[in-house]
Amino acid sequence: MATSSHKLLAQSPLLLLHKSTTASQLLQIHAQLITRALFADPFAASRLLLAICDLSSSPSTHLSPSYADLVLSQIPQPNTFSWNTIIRFHSRSSNPVKAILVFARMRRDGVLADHYTYPFLLKACALMPELKEGVAIHADVLKKGFYENLFVINGLISFYCRSGELASARKLFDGFQWRDSVSWNSLMAGYVNCGDIEEARKLFDVMPARDAFSWAILIDGYGKKLGDVRRARDLFDEMPDKDLACWNSMIDGYVALGMIGPARELFDVMPGRNVISWSILIGGYVRHGDPKEALALFQQMLSEGVRPDKICAVGAVSACSQLGTLDRGRWIHSYLKKNNIKLDVVVQTALIDMYVRCGDLDFARLLFDRMPKKSIVTWNVMMVGLGTNGFGREAVELFYKMETEGAPMDDLTLLAVLTACAHASLLPEGQEIFDRMTGFGVHPKAEHYGCLVDLLGRAGRLHEAKQVIEAMPVKPSASLWGSLLAACRTHGCVELAEVSAEQLQKLGADDGGVHVLMSNVYAAEGMWNEVLKMRKLMSARGMKKEIGRSVVEVDGSVHEFVNGDGAHPRKEEIYAVVCNLSKAML
DNA sequence: ATAGGGTTAG
């Protein structure tokens with residue numbers, strides 16, 4: 001007993017390393033290596049570093065990515081293996097530029113790169129083609145004589161493909177006699193991503209051996225990138241051993257075109273599904289107007305024991321947003337938390353959007369304020385939420401906060417804040433923000449002018465609104481004249497209303513709604529002959545106003561109301577309440 | 001070298 005424990009102490013802590021070593025065990029091993037001065041041994045240090053990098057890149061870990069950097073910095077003289085390990089780790093992380101920075105340090109330390117270093121490094125370069133860092137690496141590779149290495153060449157091909165420099169990629173490809181299927185597939189993918197699917201097809205037809213990747217690249221190219229699902233499907237049917245990615249790619253090709261029916265048919269017959277297959281279909285239903293089915297699928301997925309991930313969660317949360325089902329949304333939110341599914345910025349933004357649309361603005365704001373890192377979309381969602389729920393002032397304040405924090409903005413940000421101003425009739429603020437738009441790097445589009453027109457229109461400054469439309473550098477869209485027309489109805493201006501209606505007619509946008517508005521304008525002024533004329537015009541052209549509809553959730557079940565349908569089982573009670581409310585508001 | 005995600009008024 002005594003001897004065995006003695007023996008254990010004498011053994012290297014590295015013996016405790018195995019595939020399922022936990023984070024806390026790693027920390028212990030790390031501490032032991034330090035106290036026993038074993039870190040001076042580059043081999044021992046590199047073993048530990050590898051284990052840390054492997055665990056840090058697994059999705060379920062709580063290890064911080066910077067822990068690996070810390071460990072590297074504690075190694076007195078890291079060997080090439082350690083450098084390669086950390087470069088590989090960063091090249092797969094969310095911030096691949098770190099791989100390039102680490103490589104620069106490696107060179108400063110005078111450590112020689114080997115034929116493993118370059119492929120890892122080029123992987124990072126390919127992920128950030130705009131940095132053009134791969135060009136310098138290419139020169140380095142030429143100097144060091146790693147030019148005959150398949151992995152290095154494939155890395156270079158992939159980098160040039162992602163940079164859009166197909167000619168350089170092609171030259172390397174043609175000049176290398178030991179190219180393998182990865183070389184062929186990379187080049188094919190490069191052509192597909194540049195929109196030259198015909199060139200990709202030529203390669204596909206002459207390549208010596210096709211694997212699942214080759215088929216998948218072309219199926220995806222025809223389907224999603226070219227929108228030609230027919231040809232994608234022909235390839236798909238022809239493919240001998242379809243793998244999961246191909247099925248998913250084909251299904252997503254249909255989904256991208258809104259062809260949910262064929263997508264569902266494939267989904268139902270596919271031999272096996274993973275969380276990606278479910279996400280594609282759930283997302284498809286969400287984007288193409290069937291959030292109920294999306295939620296049903298999500299539920300089915302859970303009951304089949306498939307664990308949702310953060311991307312799948314976005315689909316489910318968005319479905320709740322669209323349905324306004326706060327109960328379900330809350331349930332999904334707590335499900336995600338209970339099951340330790342990492343809520344990144346995108347999921348959190350989707351959640352905020354869900355709480356906003358389900359009417360729990362306070363909770364949305366709470367989540368928003370608690371978020372350490374926000375994206376443009378996060379700010380936009382919150383601002384739209386405040387603006388459309390009667391908190392125009394708060395939306396504008398949020399905008400100013402964004403400005404103070406120097407957060408980047410896009411045209412939607414400006415649209416959100418201007419819309420909020422329009423909603424709350426904050427004319428001076430809106431005008432001031434509009435005038436400073438270009439200072440935020442956003443050039444006003446028709447929608448932004450629309451808000452300004454709306455603002456002026458609501459304030460009764462109809463002629464100024466008309467001037468804005470006429471002076472704007474972009475072509476006025478129908479909605480601008482529509483906005484002016486609506487303002488004319490509110491403020492009873494027949495003259496400008498007629499001008500607007502005329503313009504709308506020129507744009508071919510004089511639908512039923514315009515005639516209804518016009519007849520309202522005339523009616524308000526007592527011009528009954530004109531009103532009659534409008535009514536006749538409408539029935540002669542068979543026009544109807546768009547039918548209004550609304551959806552609401554009560555105690556977990558969803559009720560849909562269509563204007564004038566009278567189909568709800570409790571319509572008597574409902575209309576009685578509506579009647580009382582209307583009276584109360586008078 | 002292949003597959004999935006969040007925001008747009010009236």
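Just so we're clear, the structure is a prediction, and the values are computed from it rather than from any experiment. Just so it is clear: chains get the letters A, B, ... in the order the sequence lines come, proteins before strands, and each one is counted from 1.
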In whole angstroms, the gap separating C1' of dA1(B) from CH2 of Trp215(A) amounts to 16 Å
Residues of residues 151-164 of chain A with a heavy atom under 4.0 Å from any atom of DNA chain B, listed by number, are Ser158(A), Arg162(A)
Winner on side-chain proximity to Asn248(A), out of dA3(B), dT2(B), dG5(B), is dA3(B)
- Item | Below 4.0 Å: OP1/OP2 of dT8(B) and any side-chain N or O of Lys445(A) | no
Winner on side-chain proximity to Val377(A), out of dA1(B), dG6(B), dA9(B), is dG6(B)
Out of dT2(B), dG6(B), dG4(B), minimum distance to the side chain of Phe213(A) belongs to dT2(B)
ask   = Can a side chain N or O of Lys224(A) be found less than 4.0 Å away from OP1 or OP2 on dG4(B)?
value = yes
Rounded to whole Å, CD1 of Ile280(A) lies from C1' of dA3(B) at a distance of 5 Å
* To do: Start with the C-alpha distance between Leu295(A) and Cys320(A), add both sets of side-chain angles, then the distance that settles side chain to side chain contact (heavy atoms under 4.5 Å, CB included), and finish with yes or no.
  => CA-CA 8 Å; Leu295(A) 277 184; Cys320(A) 296; 4.0 Å; yes
Solution key, residues 253-267 of chain A side-chain donor-acceptor pairs under 3.5 Å, sequence neighbours excluded:
residue	atom	partner	partner atom	Å
Tyr254(A)	OH	Arg233(A)	NH1	3.0
Arg264(A)	NE	Asp268(A)	OD1	3.2
Arg264(A)	NE	Asp268(A)	OD2	3.4
Arg264(A)	NH1	Tyr285(A)	OH	3.1
Arg264(A)	NH1	Glu293(A)	OE2	3.1

ask   = Using a cut-off of 4.0 Å on non-hydrogen atoms, how would the nucleic acid contact of Ser483(A) be classed: base, sugar-phosphate, or nothing?
value = nothing
>> I'd like to know if Ser375(A) reaches the base of dG6(B) with its side chain such that a donor and an acceptor end up less than 3.5 angstrom apart.
In response: yes
